Amino acid sequence: MKLTLPARQPFNFRNTVRSHGWYQMAPFDYDEDENILKYVIRLETSKVLEIQIREAPDGISVEAQKKLTTAEVNDLTKTVTWMFGLEMDFSDFYAAAKKELKLAHVVQKAYGRVLRSPTLFEDVLKTILTTNTLWSATKRMNLNLIKEFGPALAWPDRQTEKHAFPEPAEIAASSPEVLREAVRVGYRAPSIHELAVRVASGELDIESFKTSGLPTLELRKELLKIKGVGPYAAANLLLILGRGDFIPVDSWALKLVSHEWYDGEPVTPKQVEKHFEKWGEFKGLAYWFWNWKYKG
DNA sequence: GGTAGACCTGGACGC
DNA sequence: GCGTCCAGGTCTACC
């Protein structure tokens, strides 16, 4: 099965894939040389398969080694369109960025899109795994979680040990103790379990946030109600949701701003905010795609 | 509203 | 091989 999906222009496949670290986290698997993004997806029919996403003229192509029903193709189309933000329009951001030398590259590189997981549940959980730890540990915890709770690929896709991301109910049926001992998420275990229970029980309709009409400030308040989600995580999730009003200030942001404007001297989150205040609803985007002096 | 300290893991380092 | 230190956001208690 192969389908081609158009993207609103400008669009750049590689830059969307590499917009943040998600492409390095299972069930994503990016082949840098071939520029192919693989993802182990679970369709609404519970079918688990690996898809291969490539650059195509004016958009992307999606391929699976399986025959799919019309309903499954529609489901896949909707999901991949969301993941790549194919319909997103950044013309207002580009118009604002035109006057800033440090953002002069954004149109040409088609920056603006941030790679998403199929569900916001997956994005929230992964974001919690990024907090208060090193990137290598984030990837390990995520992999442990998927291996522990996610369904394995079926043949013929199953040439390697790959799993889809677990559904809320699969984690909710477990316990914080298992999350701590087997998945090694440490003190995050109660937060992750509580999130899974709330979503699985229907108490928290987290997927509705994707299409929420709430003002960004209100949506942020809702995200902050999730245990384990603080200012950094909320800003990161808002960026994923296409709301660029907040900056995900972490230790990296402090380092970037410190080298950009303070000769490497320590800075506070308030100083980070100050430098992007004028960007208003594009604050997060301006920060994210800024052409930083410090490259790490 | 601001701040200090605890939370937990694994890598780096010294012995 | 063992012990110690450190990095990384969020939460809670306290002022």
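In what follows, chains carry the letters A, B, and so on, assigned in the order in which the sequence lines appear, proteins first and then strands, with residues in each chain numbered from 1. Note that the structure is a prediction, hence the values are computed from the model and not measured.
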With sequence neighbours left out, the residues meeting salt bridge (charged side-chain N to carboxylate O under 4.0 Å, His left out) with Lys102(A) are Glu260(A)
Each nucleotide of nucleotides 5-11 of chain B classed B (base within 4.0 Å of a protein heavy atom), S (only sugar-phosphate) or -, in 5' to 3' order, makes --BSSSS
**Message:** Tell me whether Glu87(A) at atom CD has more than 12 heavy atoms from other residues, nucleotides or ligands lying less than 6.0 Å away.
**Reply:** no
Other residues, nucleotides, ligands: >12 heavy atoms within 6.0 Å of Lys78(A) NZ | no
5'-most to 3'-most nt of DNA chain C touching chain A (<4.0 Å, heavy-atom partner on protein side) reads dG8(C) to dC11(C)
inquiry  = Regarding Ala233(A), tell me which of base, sugar-phosphate or nothing describes its non-hydrogen contacts under 4.0 Å with the strands shown.
reply    = sugar-phosphate
Considering every strand and a 4.0 Å limit on heavy-atom distances, what is the contact class for Leu224(A): base, sugar-phosphate, or nothing? nothing
### Message
Can a donor-acceptor pair be found, under 3.5 Å and without considering hydrogens, that links the side chain of Arg188(A) to the backbone of Val185(A)?
### Response
yes
Acceptor/donor pairs from residues 222-234 of chain A side chains to any protein atom, 3.5 angstrom cut, sequence neighbours excluded:
from	atom 1	to	atom 2	distance (Å)
Glu222(A)	OE2	Lys225(A)	NZ	2.9

Main chain of Glu167(A), side chain of Glu170(A): is a donor-acceptor contact present, judged purely on distance under 3.5 Å?
yes
Residue pairs meeting side chain to side chain donor-acceptor pair (under 3.5 Å), one or both in residues 190-203 of chain A, sequence neighbours left out, come to Arg198(A)-Glu203(A)
Lys2(A) meets the side chain to side chain contact (heavy atoms under 4.5 Å, CB included) criterion, sequence neighbours left out, with Ser61(A), Glu63(A)
The answer to which of Ile226(A) and Lys255(A) contacts DNA chain C further toward the 5' end, by nearest nucleotide, is Lys255(A)
